[in-house]
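Here is the structure we will look at.
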Amino acid sequence: MKKTALFALAALAPMTLAAAASSAAWAVEADAPIATAAEAPATASELVVQAQIAYRNRTDQAAPVLNYDLDYFQRFEPLTAGDALKRVPSVAFLSDVLESDGVRLRGLDPAYTQILINGEKVPGSGSGSGAFGSGADSAFFVDRIPAELIERIEIVRSASANRSGDAVAGAINIVLRDAYALDGGFVRAGALMFDDKRIRETVGGVWGGQVGPGRLLVGANLQGRRNPKNKLSLRYGEPGAPIDNSELQTDVRNGTDYSFNASYQVPLAGGDLDLSGFYVHTDRYQNEDSIEYNKDVRDNANLSTLNDNDVDIEQDSYSVNGKYSHDMFGGRTSVKLGYASFKDKEAEFEDETEYLRDATPYPDGDRITRDKSRTDLEDTEFSAKLEHKRDLSDGVQLQFGLQYEKKQRDLLVTEVPRNRYSLPSANPPAFKPYAVIDGGDASFEQTRLDPYVMLDGKAGALKWEAGLRYETTDVTLRDRTVPSTTDTDYKVLLPSASLRYNLTTEDQVYVSGARTIRRPSFDYLSPALLTAELGDNDFIGNPRLKPETAWGLDAGYERRMGKQGVAGVNVFYRKVKDLIELTNTGDEGDEGPGTFVYSARNTGDGKVWGIEFDLSTPLTVIGLENTGVFLNYSWLDSDVNDEFGSRKFNSQSDYVLNIGFIQDLPTWGASFGATYRKQGEAYSRVVGEEVTTTYGGDLEIFLEKRIGKDLTIRLTGSNLLDANKKESFNKFNTIEDQNDRNFDEYELERENAGPVFQLIARLAF
């Protein structure tokens, strides 16, 4: 595996923490003070000892939003936001087993999903930033946000003018605990045991209370991580042919995350000042070892290749943010400023020994190949927002503002020239010095200035909003290895409108429409040729790419069931223009015959649609008020045309299913529950390769004992069905071969991991 310039992993990054008491304009009333009686801080005991089952909240904003408090997830002890999101409607992952990084809302590529922190766009969720995600798709890696920081998660199905418009599939708003979220503190400590019998630690604590004239919240967390899994690959000349070779691989990812966060909110000069900050440090070591055999006879006589691939990752991320709000000019005016920084250092080593290269016995004719590379990436972002809200007549509110954002990335990727020598040499040649690879010394800059205006109002049973947003984007890419500079700019008008109508006190319907955008990532625009970027294939960007735009519609019905339950159904449709996808140029790659140069292109138009159902309710109607059930099911489909005809959007799952229950035992001060998750088959097709991916089901069970008012002990078992991931690869040399099904190679790959057990204690003080 060769490390490259623009697709370098950036699994952790700065988070923009807008502190204003979860101050997304669409989530709270415009004239709400920082804290009201309804928003009184929860006591630490209330958060630690859950005396009742939590259900999905019903929201009343005009735009369609699903709201889940942390209590909804917490009894299954999710470690990260990604773990929590596995339980909400339409969220799929195409990650390795036991990992949940890039969110695929409605099954679409992670770049179609907007990730928000407290209602604000964050680094990594937009074009060109590697923060919390991979540079390849501008994805945001939610498995690096500790679950302990979360107050609630909102699934925003349709866009509004006061948010960035890059949310074709929708948006996920992760609301963090702020200074008004907690009175008192709690500590959390425990251990996780993995399938290889290794044990990792978890410890953390949070405290919130009055400090001086304002309120302070501070938290710290240490999380040990480990993901041991096994992989088997079987390769054939074509389906049904005799096996050519087999490969056994072990993959262990071991690391530790250290995080600290703080929020301080205080009245100041007749207004409200909110300050927040976040820091996280990650150490991670990835060790992949594989053995390849000729045919499927796994003995030393058929040993073909030994491979050892190690990656050492060190990442530091921080952000500082401030917001000041004051009543002025007939309404309320807010100014927000934020700065974020992310540094990623990776060192990769690959050692491959090849046997059976000729008919002579080992070691004559055999050889060793060694590769080393380093990646240094730094992202910074400065953001500013000025917004004003004021009431007009007849219950109508006007909101307008201007958002500024400047992202910069500096990237340096160096590698040692390939060190290859033949056996039986006992004195391998020394490594040569590190040198910058093609496209490996680069910088990227993106500047955005987005004005918006929005009206919203309420009249009896009807609530509505409508707005316009005008987004301007200017991107500059500099490749210092050529050298060359590429400039690209976009301007797009994004209208949106939503309305919600209460048919009765229990029933409501809604409809929402919006235009959204997906910008090309930096990686797709850069004209640098990157060797062995996609497996053994090369990649070259396309500076002429146009952004994707989409018109979307969401419509649905919700019913309140008793005091706590809610059920809903939603249908959605997206018409996408100028779809961006990878394509095989047909040019031979640097690795020789059978490898190619890939690029990105606008492949035309596409359509996405589906139906989403969710249910969250106690079984009070049949006398089981201490039993809660949860069910959500999403049927997903799409259509796009390529060289070979019609297909779905690449790697969109057919469906996502979550079902579970919680049984509370008040007399015993205990609870237990289980959830089952399954997502459907995903298919991807580009020139030269077709991939089908399936996942096994995932079962989780928890047992909880509450001791007094301040202590909870919880045992959780996850991945109890030894979930597996199966992939089949159809590989071809040319478009003609692909049409004629003349295979270059057919590969079956299987990956699996065993169960994980957590024993966690929480103590309030």
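The shown structure was predicted, so the numbers you read here are calculated from the model rather than taken from an experiment.
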Side chain N719, main chain G754, donor-acceptor under 3.5 Å: yes
Test side chain to side chain contact (heavy atoms under 4.5 Å, CB included) applied to I580 and L545, step by step: CA-CA 8 Å; I580 299 172; L545 280 178; 4.2 Å; yes
Heavy-atom closest pair, residues A92 and S653: CB-OG, 4.1 Å
Contacts of type ring pair (Phe, Tyr, Trp, His ring centres under 6.0 Å), residue Y355, not counting sequence neighbours: Y362
4.5 Å side-chain heavy-atom contact, T353 and T305: no
For K372, salt bridge (charged side-chain N to carboxylate O under 4.0 Å, His left out) partners two or more places apart: none
side-chain hydrogen bond (donor to acceptor under 3.5 Å, both in side chains) partners for Y285, two or more places apart: D310
Over-ring placement of R518 relative to Y112, 6.0 Å and 45° cut-offs: yes
Between E99 and N227: side-chain donor-acceptor atoms closer than 3.5 Å: yes
Rounded distance [0.5 Å steps], CG in N730 versus OG1 in T692: 6.5 Å
Option from D195, D722, D251 for which salt bridge (charged side-chain N to carboxylate O under 4.0 Å, His left out) with K229 holds: D251
Residue pair D479 / T481, side-chain donor-acceptor N/O under 3.5 Å: yes
Working for side chain to side chain contact (heavy atoms under 4.5 Å, CB included), residues L411 and T375: CA-CA 7 Å; L411 182 66; T375 299; 4.1 Å; yes
Minimum heavy-atom distance N419-P429, with the two atoms named: ND2-O, 3.0 Å
Partners meeting side-chain hydrogen bond (donor to acceptor under 3.5 Å, both in side chains) with E445 (sequence neighbours left out): Q408
Salt bridge (charged side-chain N to carboxylate O under 4.0 Å, His left out) involving K725 - partner list, sequence neighbours excluded: D96
Spacing of CD belonging to E348 relative to OG belonging to S373, to within rounding of 0.5 Å: 4.5 Å
Separation of L759 CG from L192 CG (nearest 0.5 Å): 9.5 Å
Residues E700, K86: salt bridge by 4.0 Å N-O rule: yes
Chi angles and distances behind the salt bridge (Lys or Arg N to Asp or Glu O under 4.0 Å) call for K731, E747: CA-CA 8 Å; K731 302 178 183 180; E747 179 179 0; 3.1 Å; yes
Residues that S259 engages under side chain to side chain contact (heavy atoms under 4.5 Å, CB included), provided they are two or more places apart: P146, N221, F278, V280
Qualifying residues under ring pair (Phe, Tyr, Trp, His ring centres under 6.0 Å), relative to F729, sequence neighbours excluded: none
Between S290 and E247: side-chain donor-acceptor atoms closer than 3.5 Å: yes
Sequence-distant partners of R200, side-chain hydrogen bond (donor to acceptor under 3.5 Å, both in side chains), two or more places apart: N254, T256
Side-chain donor or acceptor of N300 paired with backbone N/O of L303 under 3.5 Å: no
Pair D371 + R418: basic N to acidic O under 4.0 Å: yes
Passing candidate, side chain to side chain contact (heavy atoms under 4.5 Å, CB included) with F596, options T585, N584, D587: N584
Qualifying residues under salt bridge (charged side-chain N to carboxylate O under 4.0 Å, His left out), relative to D410, sequence neighbours excluded: R480
Parallel, tilted or perpendicular: rings of F431 and F349 (30°, 60°): perpendicular
Electrostatic pair R374-E415, nearest N-O below 4.0 angstrom: no
Presence of salt bridge, E690 and R685, under 4.0 angstrom: no
Side chain Y258, main chain Y279, donor-acceptor under 3.5 Å: no
Partners passing salt bridge (charged side-chain N to carboxylate O under 4.0 Å, His left out) against D308 (at least two apart in sequence or in another chain): none
Shortest non-hydrogen contact between F757 and G717, atoms and distance: CD2-CA, 3.9 Å
Check ion pair D379-K407 (N to O, under 4.0 angstrom): no
Under the side-chain hydrogen bond (donor to acceptor under 3.5 Å, both in side chains) test, residues paired with R104 that sit two or more places apart: none
Closest heavy-atom pair and its distance - S684, N650: CA-OD1, 3.3 Å
Cationic N near anionic O, under 4.0 Å, E751 to K231: yes
Spatial distance of atom OG (S246) from atom CG (L234) [nearest 0.5 Å]: 6.5 Å
Donor-acceptor pair, side chain of N302 and main chain of R298, under 3.5 angstrom: no
Pair E352, T369: side-chain N/O donor-acceptor within cut-off below 3.5 Å: no
Flag side-chain contact, heavy atom, 4.5 Å: E346 against E314: no
For L248 against Y293, the heavy-atom pair lying closest together: CD1-CE1, 4.3 Å
Axial cation check for F73 ring with R87, 6.0 Å and 45° limits: no
Heavy-atom pair of closest approach, residues F93 and G82: CZ-O, 3.8 Å
Ring pair (Phe, Tyr, Trp, His ring centres under 6.0 Å) partners of F649, counting only residues at least two apart: none
G255 backbone acceptor or donor facing D283 side chain under 3.5 Å: no
Side-chain H-bond candidate by donor/acceptor type, N309 with E350, under 3.5 Å: no
Worked verdict on D289 versus N307 for side chain to side chain contact (heavy atoms under 4.5 Å, CB included): CA-CA 6 Å; D289 297 320; N307 186 279; over 6 Å; no
D316 with K343: basic N within carboxylate O range, under 4.0 Å: no
R188 and T202: CA distance, side-chain angles, deciding distance, side chain to side chain donor-acceptor pair (under 3.5 Å) verdict: CA-CA 8 Å; R188 173 183 184 270; T202 178; 2.7 Å; yes
Partner of D257 by side-chain hydrogen bond (donor to acceptor under 3.5 Å, both in side chains), out of R225, H281, R284, Q223: R225
